[in-house]
Protein chains: 2
Amino acid sequence: MGDLSELELVVLGIVWKRGPCTPYAVRKEFATSPSSHWSGSAGSIYPLVRRLERRGYLRSRRESQGRRARRTYTITRRGTAALRRWVCPPLPDEAAAITYDPIRTRMYFLGIVPPDRQSGFLAEAEAALRRQIRVVQAECARYAGLGDTFSHLAMTGALRIMRARIAWLANARKSLGCMTV
Amino acid sequence: MGDLSELELVVLGIVWKRGPCTPYAVRKEFATSPSSHWSGSAGSIYPLVRRLERRGYLRSRRESQGRRARRTYTITRRGTAALRRWVCPPLPDEAAAITYDPIRTRMYFLGIVPPDRQSGFLAEAEAALRRQIRVVQAECARYAGLGDTFSHLAMTGALRIMRARIAWLANARKSLGCMTV
DNA sequence: CCGCTCATGTAACTGGTTACATGATTTA
DNA sequence: TAAATCATGTAACCAGTTACATGAGCGG
């Protein structure tokens, strides 16, 4: 039960949401997602779905479309149960832990750069976030249009976090500005 | 230059901040950190610092304290330069990308659980975040007390994100509540 | 017909994890 | 003095990445 990795569960979830689909479709989902946590590379997905099938979480069917062989995967009852068990409480403690933020990681060591370049870092990070936020907003609107409530809800969460990061940087810029002036 | 992993750079940063220190002290830094992104396991840190020394980013000295042999590491000029280069702009795009959030990941697939248990998930997640936030607040105060401006600033960023996640869940609870009632 | 994207895979590598081993030092 | 913890390491493993190989179908 606890033998499924986070990526495996996400793939299970994607197959559950989309219904019968090819590994390639799953990969595209990762490729178009604004998150870069998983690459969804062929080297991860193809072995993964076969692994899931071998363990009974997925079932596959060969369906030749034209002369082209392709394999579509469907979630099994066992897969659905595993997915539900993962989503439902109890939530492991680390799920609520501090999330990883590369900008924050750099912030710890910002003292190493000369003070006149510190605000440059903050400004650039803020600008990068503002660029990214538009992508997320678009994705948010797309899900709303599709009527996918939960994906939409998830995206609003991502949006809120990005806005919090921007506000944080703006505030940091002010408090550092006070120090150096 | 770009041959250093994120973890290697963070370790470099820790050694820079604390001055000469043992791998064990570095490990403790990871162990006490409220973030669980890296475990800071012996198996990662000990080989890592030796790797950094071999490449000239760290220098080490054997100093026997009592009968006990220990090795303290110091950052070299090369190490300092690498760290500064990493912190400074230009920031890679993925640094501003959506961060990974295990609660959000689950949210995508929340439709798989029966509607009467969905709000349970949201409530539990919110409660877990509220528990965690106290830890972060304490850490925040600790850094403020130490006068470590940048670590404190980093922590306030983490705090803002956690608050944003809580607000997001509270809002989700409301919008799902409307649907099911 | 050439090049691009679709689509399915494999192989080698790698960074980090878990688990284990060992001995010194401190504390009950 | 026994147990706990400090401290330094090693070895095996593993999930996921990068890079490569292959071929179908399609648009210019």
Side-chain angles (χ1 to χ4, degrees), chain A residues 2-12 14-15 18 20-33 35-55 57-58 60-73 92 94 100 102 105, chain B residues 2-12 14-15 18 20-33 35-55 57-58 60-73 92 94 100 102 105:
Chain A
D3 60 343
L4 288 165
S5 73
E6 199 101 341
L7 178 58
E8 285 171 328
L9 285 157
V10 170
V11 168
L12 224 43
I14 291 173
V15 175
R18 307 181 56 123
C21 63
T22 64
Y24 188 76
V26 173
R27 290 190 57 207
K28 267 200 299 194
E29 194 92 349
F30 284 103
T32 61
S33 147
S35 157
S36 61
H37 186 66
W38 289 294
S39 76
S41 61
S44 67
I45 301 303
Y46 286 97
L48 188 148
V49 288
R50 250 175 310 141
R51 206 157 62 226
L52 288 179
E53 179 173 31
R54 184 157 37 80
R55 296 200 214 152
Y57 298 106
L58 292 178
S60 81
R61 175 189 301 189
R62 256 205 120 60
E63 32 184 83
S64 305
Q65 184 205 38
R67 156 168 330 178
R68 189 99 156 250
R70 59 208 238 120
R71 190 173 282 277
T72 54
Y73 287 82
E94 64 267 26
Y100 173 69
T105 306
Chain B
D3 60 343
L4 288 165
S5 73
E6 200 101 341
L7 178 59
E8 285 171 327
L9 285 157
V10 170
V11 168
L12 224 43
I14 291 173
V15 175
R18 307 181 56 124
C21 64
T22 64
Y24 188 77
V26 173
R27 290 190 57 207
K28 268 200 299 196
E29 193 93 347
F30 284 102
T32 61
S33 148
S35 157
S36 62
H37 186 66
W38 289 294
S39 76
S41 61
S44 67
I45 301 303
Y46 286 96
L48 188 148
V49 288
R50 249 175 310 141
R51 206 158 62 227
L52 287 180
E53 180 173 30
R54 185 157 37 79
R55 296 199 214 153
Y57 299 106
L58 291 179
S60 81
R61 175 189 300 190
R62 258 203 118 62
E63 32 184 84
S64 304
Q65 183 206 38
R67 155 168 331 176
R68 186 98 157 249
R70 60 209 238 120
R71 190 173 281 278
T72 54
Y73 287 82
E94 64 266 27
Y100 173 70
T105 307

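A quick note: this is a predicted structure, and the numbers were derived from the prediction, not measured. The analysis underlying the following values was restricted to heavy atoms, covering all of them including side chains, and did not include hydrogens, waters or symmetry mates. In what follows, every chain begins at residue 1, and chains take the letters A, B, ... in the order their sequences are listed.
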Engineer: With a 4.0 Å limit, can you tell me whether A/Tyr24 has a side-chain N or O closer than that to the phosphate oxygens OP1/OP2 of C/dC6?
Structural biologist: yes
Engineer: For A/Arg71, which contact category applies under a 4.0 Å heavy-atom criterion: base, sugar-phosphate, or nothing?
Structural biologist: sugar-phosphate
Engineer: Closer than 3.5 angstrom, by distance alone: can the side chain of B/Arg61 be matched with the main-chain N or O of B/Thr72 as a donor-acceptor pair?
Structural biologist: no
Engineer: Could you check whether any side-chain N or O of A/Arg55 sits under 3.5 Å from a backbone N or O of A/Asp3, counting only pairs where one atom can act as donor and the other as acceptor?
Structural biologist: yes
Engineer: Short question: side chain of B/Glu53, backbone of B/Ser60 - any donor-acceptor pair under 3.5 Å?
Structural biologist: yes
Engineer: In whole angstroms, how far is the P atom of C/dT8 from the CD1 atom of A/Ile45?
Structural biologist: 12 Å
Engineer: Heavy atoms only: give me the nearest A/Pro23-A/Val49 pair and the separation to one decimal.
Structural biologist: CG-CG2, 4.1 Å
Engineer: Figure out the CH2/P separation between B/Trp38 and C/dT17, and round it to whole Å.
Structural biologist: 10 Å
Engineer: Looking at B/Ser41, does any N or O in its side chain come under 4.0 Å of the phosphate oxygens OP1/OP2 on C/dT17?
Structural biologist: yes
Engineer: Without decimals, in angstroms, what is the distance between B/Glu8 CD and C/dG15 P?
Structural biologist: 7 Å
Engineer: Does OP1 or OP2 of C/dT17 have a side-chain N or O of B/Ser39 closer than 4.0 Å?
Structural biologist: yes
Engineer: Could you tell me whether the phosphate oxygens of D/dT17, OP1 or OP2, come under 4.0 Å of any side-chain nitrogen or oxygen in A/Ser44?
Structural biologist: yes
Engineer: To the closest 0.5 Å, what do you measure between CZ (A/Arg51) and OG (A/Ser5)?
Structural biologist: 6.5 Å
Engineer: When you check the phosphate oxygens OP1 and OP2 of D/dT8, does a side-chain N or O of B/Arg62 lie under 4.0 Å from one of them?
Structural biologist: no
Engineer: Between B/Glu94 (CD) and D/dT17 (C1'), how many Å, whole number?
Structural biologist: 14 Å
Engineer: For B/Arg27 and D/dA7, give me the distance from atom CZ to atom C1', rounded to whole Å.
Structural biologist: 9 Å
Engineer: At under 4.0 Å, does any side-chain N or O of B/Arg70 touch on OP1 or OP2 of C/dG23?
Structural biologist: no
Engineer: In whole angstroms, how far is the P atom of D/dG16 from the CG atom of A/Leu48?
Structural biologist: 7 Å
Engineer: Would you say B/Ser5 reaches C/dG16's phosphate, i.e. side-chain N/O to OP1/OP2 under 4.0 Å?
Structural biologist: yes
Engineer: Atom OH of B/Tyr46 and atom C1' of C/dC20: how far apart are they, to the nearest Å?
Structural biologist: 15 Å
Engineer: Toward the 5' end of DNA chain C, which comes first, B/Arg51 or B/Ala42, by nearest nucleotide?
Structural biologist: B/Arg51
Engineer: Can you tell me the distance, in whole Å, between the NZ atom of A/Lys28 and the C1' atom of C/dT5?
Structural biologist: 10 Å
